[in-house]
> 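Please find one structure pasted underneath; my questions will follow.
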Amino acid sequence: MWKCFSTRASRCFSTSASNKALKWWDHVAPAPKDPITSVTEAFLADTSPTKINLGVGAYRDDEGKPVVLQCVKEAEAKIAGCDFLESVSSAVSSKLVEESVKLVYGKNSDIIKEGRFAGVQALSGTGACRLFAEFQRRFYPESQIYMTDPTWSNHHNIWRDALVPERTFHYYHPDSKGLDFSALLDDVKNAPDGSFFLLHPCAHNPTGVDPTEEQWREISYLFKVKNHFPFFDMAYQGFASGDLDRDARSIQIFVEDGNVIGCAQSFAKNMGLYGHRVGCLNVLCNDAKQAVAIKSQLQQIARAMYSSPPIHGILLVSGILSDPNMKALWVKEVKAMANRIQSLRTTLRKSLEQLSSPLNWEHITNQVGMFCFSGLTPEQVDRLLREFHIYMTLDGRMSMAGVTTGNVSYLANAIHEVTKFG
């Protein structure tokens with residue numbers, strides 16, 4: 001029966017099928033370039049010996065090189081030769097989650113003792129946010145998410161792809177280059193009761209502007225009154241103050257006030273494990289029974305997305321956090337990283353002031369964490385790129401990790417040159 005096709009007919013059929021196949025995906029256009037990764041791509045293609053990359057959101061040493069922390073080296077030595085080719089075991093996963101949430105709620109928290117949280121390991125902070133966004137859409141399908149204006153650019157992509165509508169609320173004041181606190185409170189008050197808010201507990205990205213502890217208390221009180229749900233994305237714990245506990249204080253204020261919260265954690269920056277994609281997602285629950293139910297739902301969502309995360313990084317993080325000596329070393333190294341960044345903030349500000357800049361640069365040292373929201377205009381950023389080979393995102397966000405004692409003077413002179421006429 002199938003042999004009755006002539007050779008000519010077969011050729012026609014093949015040509016026709018081939019023509020149809022060529023039309024697959026013809027309608028797909030290139031995606032817009034990510035504003036952060038495109039900066040790094042352009043920097044790498046630049047051959048200038050004076051080039052500076054202020055776009056990267058990962059820590060660098062004073063030579064501008066990635067850092068492998070000593071605690072990570074020791075953890076690597078301990079797991080060398082371990083049989084970790086199988087998927088993540090429940091014991092390893094539980095240890096990571098248990099040690100991670102201690103950094104959020106405190107090691108002696110009743111929440112941990114009573115099992116009143118649902119926690120799962122995630123693919124760094126991005127993966128934790130994506131898991132929660134999907135969880136939000138699945139169980140509150142009519143909800144939306146309020147984000148700070150501005151926020152990390154990828155936040156928009158994460159909740160958009162989860163089909164959760166986005167709103168913004170006031171946060172940064174461009175004139176003061178600080179917090180627009182009164183407008184923030186008004187937006188929290190005016191949002192519909194029971195709204196979801198995405199908050200940065202410390203080292204706000206991209207502005208480096210954090211509320212004071214007293215301001216956090218006012219925000220938390222309003223959240224409780226309005227029955228809002230705060231979801232914290234804690235990507236830079238330790239980088240704001242150099243103190244891990246202090247940087248989690250905002251979350252603990254919300255918990256003390258009786259707010260139910262969710263939290264994404266990342267160890268990409270504060271352990272220098274960007275390539276290992278290690279993170280944690282936890283949701284505060286009413287009791288242990290509810291925690292079991294919510295955890296099972298989070299695991300089911302993760303199972304469909306990526307099954308299970310890579311185990312090597314999980315072993316590193318859980319090993320560091322569960323070993324008192326390695327954890328103490330890590331705490332010391334985090335403080336050293338934060339201190340280096342703060343020191344360079346001071347140096348950059350002083351350098352600009354010594355050039356008799358007509359502008360006020362106090363915000364460089366008032367802001368905290370990895371980033372400085374410089375106040376530079378897109379035109380000034382473009383001049384820095386074209387004339388001085390200095391790379392940053394167009395909104396003027398500078399990664400202070402890219403500033404070194406060797407380039408800070410060059411950077412200050414370049415900034416002064418493009419801003420000296422106001």
Side-chain angles (χ1 to χ4, degrees), residues 56-62 66-75 96-107 109 122 124-126 128-129 152 199-213 216 232-253 263-282 313 316-346 365-372 399-403:
V56 66
Y59 184 76
R60 296 290 185 265
D61 65 15
D62 201 44
V67 175
V68 179
L69 300 183
Q70 183 60 37
C71 63
V72 172
K73 292 178 182 177
E74 293 185 12
L96 172 77
V97 172
E98 179 184 339
E99 296 299 330
S100 296
V101 296
K102 288 178 183 177
L103 298 174
V104 178
Y105 301 117
K107 62 181 180 180
S109 170
S124 201
T126 301
C129 286
W152 178 45
L199 302 176
H200 303 227
C202 60
H204 184 273
N205 180 6
T207 69
V209 174
D210 287 353
T212 64
E213 183 168 327
W216 275 123
F232 293 93
D233 183 9
M234 186 155 61
Y236 294 93
Q237 186 177 11
F239 276 104
S241 66
D243 185 320
L244 294 161
D245 293 330
R246 183 176 174 184
D247 282 4
R249 185 66 189 130
S250 56
I251 299 177
Q252 293 164 10
I253 288 171
C263 181
Q265 291 170 269
S266 168
F267 295 98
K269 288 86 175 179
N270 58 17
M271 280 195 187
L273 296 174
Y274 211 99
H276 286 278
R277 314 313 297 156
V278 188
C280 182
L281 167 65
N282 87 78
L316 290 174
V317 174
S318 59
I320 292 168
L321 295 181
S322 61
D323 183 295
N325 292 327
M326 282 199 290
K327 184 177 180 181
L329 176 58
W330 174 56
V331 169
K332 181 180 178 181
E333 290 183 290
V334 168
K335 185 169 181 59
M337 291 189 289
N339 287 347
R340 189 186 87 80
I341 289 176
Q342 186 57 48
S343 173
L344 285 162
R345 284 182 179 275
T346 301
T365 50
N366 289 340
Q367 295 170 8
V368 296
M370 185 78 76
F371 302 109
C372 170
S399 174
M400 295 303 298
V403 183

> Treating W152 as the side-chain partner and H204 as the backbone partner, does any N or O pair qualify as donor plus acceptor under 3.5 Å?
no
> Apply side chain to side chain contact (heavy atoms under 4.5 Å, CB included) to residues L69 and V67 and explain how you reach the verdict.
CA-CA 6 Å; L69 300 183; V67 175; 3.8 Å; yes
> Compare every heavy atom of M370 with every heavy atom of Y59, then report the nearest pair and how far apart it is.
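Heavy-atom minimum between the residues: N-CE, 3.8 Å.
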> Please examine the side chains of D323 and K327, heavy atoms only from C-beta on, and report whether any two atoms are closer than 4.5 Å.
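Result no, sub-4.5 Å side-chain heavy-atom pair not found.
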> Below 4.5 Å, heavy atoms only, C-beta onward: do V331 and L244 meet side chain to side chain?
yes
> If only side-chain N and O atoms count, and only distance matters, is there a donor-acceptor pair under 3.5 Å linking T365 with T346?
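Per modelled atom types, T346 and T365 side chains form no pair under 3.5 Å.
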> Is any side-chain heavy atom of I251 closer than 4.5 Å to one of W216?
no
> Going through the checks in order, is the side chain to side chain contact (heavy atoms under 4.5 Å, CB included) test met by M400 and R345?
CA-CA 7 Å; M400 295 303 298; R345 284 182 179 275; 3.9 Å; yes
> How long is the span from the NZ atom in K269 to the OH atom in Y236, to the nearest 0.5 Å?
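K269 NZ to Y236 OH: 4.0 Å, rounded to 0.5 Å.
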> Rounded at 0.5 Å granularity, tell me how far NE2 in H276 sits from CE in M271.
11.5 Å
> Calculate, to the nearest 0.5 Å, the distance between atoms CD1 and SG belonging to I341 and C372 respectively.
11.5 Å
> Any non-hydrogen side-chain atom of C263 less than 4.5 Å from a side-chain atom of L281?
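No, side chains not in contact.
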> Determine whether a donor-acceptor pair (N or O, by modelled atom type, separation under 3.5 Å) exists between the side chain of S100 and the backbone of C280.
no
> Quick check: do V334 and F239 have side-chain heavy atoms less than 4.5 Å from each other?
no
> Checking the side chain of Q265 only, and the main-chain atoms of G125 only, is there a donor and an acceptor separated by less than 3.5 Å?
no
> Would a 4.5 Å heavy-atom cut-off, applied to side chains only, mark F267 and I320 as touching?
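Result no, sub-4.5 Å side-chain heavy-atom pair not found.
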> So, do M234 and D247 sit near enough that their side-chain heavy atoms are less than 4.5 Å apart?
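When only atoms from C-beta onward are counted, D247 and M234 do not touch, as no gap falls below 4.5 Å.
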> Should V104 and F232 count as side-chain neighbours, where that means a heavy-atom distance under 4.5 Å?
no
> Would you find a donor on one side and an acceptor on the other, under 3.5 Å apart, between the side chain of S250 and the backbone of P201?
yes
> Of the non-hydrogen atoms in V72 and V68, which two are nearest, and what is the gap between them?
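Reported closest heavy-atom pair: CG1-CG1, 4.2 Å.
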> Test side chain to side chain contact (heavy atoms under 4.5 Å, CB included) on K102 and S109; report intermediate values, then the result.
CA-CA 8 Å; K102 288 178 183 177; S109 170; over 6 Å; no
> About how many Å separate CD of Q70 and CE of M326, when rounded to the nearest 0.5 Å?
11.0 Å
> Between the side chain of Q237 and the main-chain N/O of N270, is any donor-acceptor distance below 3.5 Å?
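Here the side-chain-to-backbone pair does not exist.
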> How many angstroms lie between atom CG of L316 and atom CG of L273, to the nearest 0.5 angstrom?
6.0 Å
> Checking S241 side chain against D243 main chain: does a donor-acceptor pair fall under 3.5 Å?
yes
> Quick one: NZ on K335 to CZ on R340, what's the gap to the nearest 0.5 Å?
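It is 15.5 Å, given to the nearest 0.5 Å.
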> Please assess N325 against E74 for the test side chain to side chain contact (heavy atoms under 4.5 Å, CB included), listing each intermediate value before the final yes or no.
CA-CA 10 Å; N325 292 327; E74 293 185 12; over 6 Å; no
> What is the minimum heavy-atom distance between A203 and A240, and which atoms define it?
N-CB, 3.8 Å
